[in-house]
Every structure is written in structure tokens, then in C-alpha cells.
Amino acid sequence: MSRAKFSFKDFEPSETLRTTSNQALERILDAAPSDSMAVARLTKRIGGYEALFEVFSHSGQFTARTFEADAESALNFAASQMMSRLEAWKLSRFEGANPDDGFLQAANERA
């Protein structure tokens, strides 16, 4: 079973947009917690396109959504939002932890 799925609703994307969308989702999944699954959707709406990325993991759920006039802008903005959220998660996940704890634990296990 795939850990990532990108879908398009109410329009047929160009092959270039389909490829770009799947590449963006793969980059997001690569940056996400290791146990993550991700889904994304690009939907044609009146006046533009809605892009949605969702990442699900034991570390939490991450969501990015945007509405833009064209599909590529919506895709790029939502992907950028998601990457920012994942980067913030990475920076905060070890807050309050002593950076030497892992080293000391590993050293004690070898002793």
C-alpha cells in the first residue's frame, strides 16, 4: 500500500501538473515523521483551485490548505505551507531535551 496519494477533483490535470503534484507530495512525505501517510487533493472551484495536503502520523496530524487563481500557485503555496509546518515540528520535537542524553544512553548500553 502506498504511503502517499494525490488526487484531482473536478478537472483533468496536465501531465506536467500531475508529475509536479506527485513530486511535491513525495518531498513532503520525505520531510514528515517516518511513520507518516499523506494525502493531497487539488480541486477546481469557482474562481480558482483549492490545494490540500494532509499528513497523518503518530507524532500528529499536519494540514495545509490554500485557494489560488491557478492550480500551480495553489499547489506551490500549500506545499510550501506544509514544508514550513514540518520544519517547525522538526525544530520543536526535541525542545527541552538534553542533546547529550542520546550519547550517554548509547554509551551506557555499550558498557
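- Using a 4.0 Å cut-off between charged nitrogen and carboxylate oxygen, E12 and R18 count as a salt-bridge pair.
- Minimum heavy-atom separation, V39 to F56: CG2-CE1, 3.8 Å.
- A continuous path of ILVMFWY side-chain contacts below 4.5 Å connects F11 to L25, so both sit in one hydrophobic cluster.
- The distance from atom CD1 of I28 to atom CD of Q23, rounded to the nearest 0.5 Å, is 12.0 Å.
- Residues L42 and L52 are members of separate hydrophobic clusters, defined by side-chain heavy-atom contacts under 4.5 angstrom among Ile, Leu, Val, Met, Phe, Trp and Tyr.
- When every heavy atom of A78 is checked against every heavy atom of A51, the shortest pair comes out as CB-CB, 3.7 Å.
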Take Y49 and L75 through the side chain to side chain contact (heavy atoms under 4.5 Å, CB included) test and state the conclusion after the steps. CA-CA 9 Å; Y49 293 83; L75 171 71; over 6 Å; no
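- Remark: S34 OG to R3 CZ distance equals 7.5 Å, nearest 0.5 Å.
- Residues L29 and W89 do not share a hydrophobic cluster, defined by chaining ILVMFWY side chains whose heavy atoms lie under 4.5 Å apart.
- L86 has its side chain out of reach of K90: every pair of non-hydrogen atoms, C-beta onward, lies at least 4.5 Å apart.
- Judged by distance alone, the side chain of R65 and the main-chain N or O of E50 form no donor-acceptor pair under 3.5 Å.
- Hydrophobic cluster membership is shared by F53 and F8, with clusters built from Ile, Leu, Val, Met, Phe, Trp and Tyr side chains linked at under 4.5 angstrom.
- When all heavy atoms of M83 and A31 are compared, the pair lying nearest together is CE-CB, 3.8 Å.
- Of all heavy-atom pairs between L17 and P13, the closest is CD2-CB, 3.9 Å.
- The shortest side-chain heavy-atom distance between V55 and M82 falls under the 4.5 Å cut-off.
- Taking each heavy atom of A4 and E26 in turn, the nearest pair found is CB-OE2, 3.9 Å.
- F67 and I46 make their closest contact through CZ-O, 3.6 Å (heavy atoms, listed as atom of the first residue, atom of the second, distance).
- No donor-acceptor distance shorter than 3.5 angstrom exists from the side chain of S80 to the backbone of N76, with no hydrogens or angles considered.
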Kindly indicate, with the supporting measurements, whether the criterion side chain to side chain contact (heavy atoms under 4.5 Å, CB included) is fulfilled by T20 and E72. CA-CA 9 Å; T20 302; E72 283 132 12; over 6 Å; no
